[in-house]
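Order of the sequence lines sets the chain letters (A, B, ...), proteins ahead of strands, with each chain counted from 1.
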Amino acid sequence: MDRNKLYITTTLPYVNAEPHVGHALEFVQADTISRYFKQKLGNENVFFNVGTDEHGLKIYRKAKEEGLSINEFVDKYANRLKDFCKLFFVEYDNFYRTSDESHHKAAQEFWKRCNDKGDIYKKKYSGKYCVGCERFITEKELIDGKCPDHGTEPEEKEEENYFFKLSNYKEHLLNWLDTNPDVLKPSQKIDELKQIINDIEDISISRLRESLPWGIEVPNDPQQVFYVWFDALTNYVNVIGFGTDEKKLNEWWPGIQLFGPDNLRFQGVIWQGMLASVGLEHSQKLLEHGMVLGPDGTKMAKSKGNIISPFDQEEKFGAEIVRFYLLVGISTYADSAYKEDDLINMYNSRLANNFGNLLNRVIHLSKSKGVKINRYELVESDFKSKIDAFKDEIERLYEEYEIALAGEKINELADWGNKYITEREPWSKKLDIKESEVILNNLSYLLNTVIYYYTPIIPQSCKVAKKALLEEEKIILFNKI
RNA sequence: CGCGGGGUAGAGCAGUGGCAGCUCGUCAGGCUCAUAACCUGAAGGUCGUUGGUUCGAAUCCAACCCCCGCAACCA
């Protein structure tokens, strides 16, 4: 890390539906990275942004459907997401909303700069228009040449819109990837990203106000509004001072961006082209997490009845167990099936049997032996260097954003602790008190390390564990399920 | 048809040229400080199929088979 400030952001969920388990994955991953670095660099050196994308026709329609004003509607879903964050201990520093006035101004400023650069032009756009939907429908959306919602054949319609000259940046983006091959995780996806760039075309970035009533006005053209994602993407820099505070912006940008598999094109290509247009650096890191599949290993769908609800899971197991499973139990970057049996297994073996049980063994023994633990000056140097080797490895993994692998390494450390205590038998009557004292202090050092590194993943439990260890208070931290 | 990812022990995965590994589960033994936990050991795999390169292939090459994603509420 060459800077000591770190900016991390999720994508902004579109607020037309309930938060689902995929959001949970992205948010807790981002939260874990944020917590890790806050712990290491200090809170003031990490900025963690989440938020909601609130414009667009779908939202406009959905609000009408629910009989709410647009403002009531977006407030409702934004609050839902805030509650969701609270429920899963996602501790963001800012909750961004694209309906905020400040966002409108910043997005318009972004537009102006792209325009000044000569990257925006007006062009007649022709496409299939569904009268029922009052919008253009892409070829792919059509079913048998008909609108999927209305079952009617769309008509050919022409509309004049603004376009962004993404094609200007084709060579630039390819070059950027060649010189920064590590920017994307997982690395296997780099070819896919390059392929998308190769197929780059200029993209339409506005709509007529009459066909898209809920959007941001294009500068100097009240007839046109931003096409949703063009305004939404700008949030990543707006929130850290774009257009308002250059000094702040330079402090925090470039940042780390998390997103799902369907967003590679937006985050990895379009957004990067937009950044190039306004003369900003590219993102520091693009982290494309895997997709959470249903228990049967296929994509969740209502029709298949394999939907996992994060709210149900929370109610059933508690937020931290769900966090633990999402972060450590499934792969960080590959698609994975969500299986409750695996969740239960993972929790019981790693947290209850391994970590929790070791914590209890050590606290219990220190009490029964009448020995003070947490005196790190008593820790043997051989033992300490063994633990420090684990520390280095765990930090390396966290700093490569390999959350699941870091979690696995932490588990290994606790596992090694259980082997160590069995081998050294601090409970044995053959040992004198001094020897037991050293062994138990070694172990309290180990446990403290485990707690420290588990904290970004399961913050609440670790808080309790830390207190219990410090006050030598016997507890069942993780009840078996 | 195409594009991308993947097929390794019952389950989940690591392993990109040199005697097949990890976690969970199963079985046997041990320990007893602890949450029926913990420790030790064992069983279990023709590494998707076929062919090729090589002294040597899970690993490289070719063809093929199967699964998942790329369209939908959606990360």
Side-chain angles (χ1 to χ4, degrees), chain A residues 10-14 16-30 58 62 138-143 148-149 186 188-196 199 258-267 287-294 296-303 307 310 326 328-331 333-337 339 341-342 344-369 404-405 408 411-412 414-415 417-429 436 439-440 443 474-481:
Chain A
T10 60
T11 46
L12 305 185
Y14 202 62
N16 62 347
E18 288 286 314
H20 55 75
V21 70
H23 293 121
L25 177 69
E26 182 168 316
F27 279 57
V28 298
Q29 280 190 354
K58 277 184 191 166
K62 200 81 187 260
T138 61
E139 289 289 344
K140 284 179 177 176
E141 283 177 289
L142 295 174
I143 295 171
D149 293 337
Q188 310 97 281
K189 297 252 179 171
I190 197 98
D191 287 341
E192 192 182 338
L193 183 55
K194 282 182 184 167
Q195 196 50 50
I196 299 172
D199 297 340
L258 279 87
F259 54 92
D262 57 337
N263 244 277
L264 184 60
R265 180 187 161 77
F266 285 108
Q267 312 301 324
L287 306 178
E288 184 192 309
H289 60 252
M291 183 177 285
V292 184
L293 304 170
D296 60 347
T298 68
K299 192 167 177 173
M300 291 184 201
K302 280 177 190 158
S303 58
I307 300 260
L326 286 173
V328 181
I330 65 174
S331 169
Y333 296 106
D335 298 354
S336 315
K339 297 185 180 177
D341 284 353
D342 287 354
I344 291 167
N345 240 328
M346 184 75 57
Y347 166 79
N348 281 338
S349 74
R350 295 199 182 186
L351 293 184
N353 296 349
N354 196 19
F355 170 40
N357 186 43
L358 182 65
L359 181 71
N360 229 12
R361 294 174 91 176
V362 170
I363 291 171
H364 183 86
L365 276 166
S366 73
K367 287 183 79 128
S368 67
K369 288 271 174 186
L405 297 181
E408 213 167 300
N411 183 57
E412 244 179 72
D415 188 51
N418 267 313
K419 287 179 171 60
Y420 174 82
I421 195 172
T422 304
E423 193 186 314
R424 301 296 300 270
E425 302 182 351
W427 53 83
S428 166
K429 296 190 172 63
S436 293
I439 295 165
L440 290 172
L443 284 160
K474 209 187 155 194
I475 49 156
I476 301 289
L477 183 56
F478 303 103
N479 266 305
K480 288 190 74 162
I481 49 178

Go through [options] for me and flag the one nearest to the [X] side chain.
X: A:Lys339; options: B:A11, B:C31, B:C38; answer: B:A11
X: A:Thr298; options: B:G12, B:C33, B:C68; answer: B:C68
X: A:Asn345; options: B:C24, B:C39, B:G12; answer: B:C24
X: A:Asp415; options: B:C39, B:C73, B:A37; answer: B:C39
X: A:Asn418; options: B:C70, B:C38, B:G4; answer: B:C38
X: A:Lys302; options: B:C31, B:C73, B:A34; answer: B:C73

Rounding to a whole Å, what distance do you find between [X]:[atom1] and [N]:[atom2]?
X: A:Leu293; N: B:G6; atom1: CG; atom2: C1'; value: 12 Å
X: A:Asn354; N: B:C24; atom1: CG; atom2: C1'; value: 13 Å
X: A:Tyr333; N: B:G4; atom1: OH; atom2: C1'; value: 19 Å
X: A:Leu443; N: B:C38; atom1: CG; atom2: P; value: 16 Å
X: A:Arg424; N: B:U32; atom1: CZ; atom2: C1'; value: 19 Å
X: A:Glu408; N: B:C22; atom1: CD; atom2: P; value: 13 Å
X: A:Lys367; N: B:A34; atom1: NZ; atom2: C1'; value: 14 Å
X: A:Lys429; N: B:U32; atom1: NZ; atom2: C1'; value: 10 Å

Which nucleotide, in any strand shown, forms a Watson-Crick or G-U wobble pair with [N], with both distances under 3.5 Å?
N: B:C31; answer: none
N: B:A63; answer: B:U49
N: B:G4; answer: B:C68
N: B:G21; answer: B:C13
N: B:C73; answer: none

(message) Could you measure the distance from the CG atom of A:Leu359 to the NZ atom of A:Lys474? Nearest 0.5 Å is fine.
(response) 11.0 Å
(message) Quick check for you: to the nearest 0.5 Å, what is the distance between A:Lys419 atom NZ and A:Leu358 atom CG?
(response) 11.5 Å
Could you measure between the two [atom1] atoms, the one in [N] and the one in [M], and give it in whole Å?
N: B:U23; M: B:C61; atom1: C1'; value: 34 Å
N: B:C13; M: B:C47; atom1: C1'; value: 13 Å
N: B:C65; M: B:G44; atom1: C1'; value: 26 Å
N: B:C73; M: B:G7; atom1: C1'; value: 31 Å
N: B:A71; M: B:C66; atom1: C1'; value: 23 Å
N: B:G4; M: B:G12; atom1: C1'; value: 23 Å
N: B:U59; M: B:A20; atom1: C1'; value: 12 Å
N: B:U50; M: B:U8; atom1: P; value: 16 Å

Need one value for [X]: base, sugar-phosphate or nothing, where a base atom within 4.0 Å counts as base even if backbone is also close, heavy atoms only.
X: A:Lys419; result: sugar-phosphate
X: A:Ala301; result: base
X: A:Met346; result: nothing
X: A:Lys369; result: nothing
X: A:Pro13; result: sugar-phosphate
X: A:His23; result: sugar-phosphate
X: A:Leu25; result: nothing
X: A:Val292; result: base
X: A:Tyr14; result: sugar-phosphate
X: A:Gly297; result: sugar-phosphate

Using modelled atom types and a 3.5 Å cut-off, is there a donor and acceptor pairing between side-chain atoms of [X] and backbone atoms of [Y]?
X: A:Ser436; Y: A:Pro426; value: yes
X: A:Asn263; Y: A:Thr11; value: no
X: A:Tyr333; Y: A:Leu287; value: no

(message) Can you tell me how the ring of A:Phe478 sits relative to the ring of A:Phe355, calling it parallel under 30°, perpendicular over 60° and tilted otherwise?
(response) tilted
4.5 Å side-chain heavy-atom contact, [X] and [Y]:
X: A:Leu365; Y: A:Ile421; answer: yes
X: A:Tyr347; Y: A:Ile481; answer: yes
X: A:Arg350; Y: A:Glu408; answer: yes

(message) Any N or O donor-acceptor pair under 3.5 Å from the base of B:A34 to the side chain of A:Asn357?
(response)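 Such a pair is found, so the answer is yes.
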(message) Closest-nucleotide mapping onto RNA chain B: is A:Asp191 or A:Leu358 further toward the 5' terminus? I mean the 5' end.
(response) A:Asp191
(message) Heavy-atom nearest nucleotide on RNA chain B for A:Gln195 versus A:Ala352: which residue maps closer to 5'?
(response) A:Gln195
Looking at [X], does any N or O in its side chain come under 4.0 Å of the phosphate oxygens OP1/OP2 on [N]?
X: A:Lys474; N: B:U35; result: yes
X: A:Lys189; N: B:G4; result: no
X: A:His364; N: B:C33; result: no
X: A:Asn353; N: B:C38; result: yes

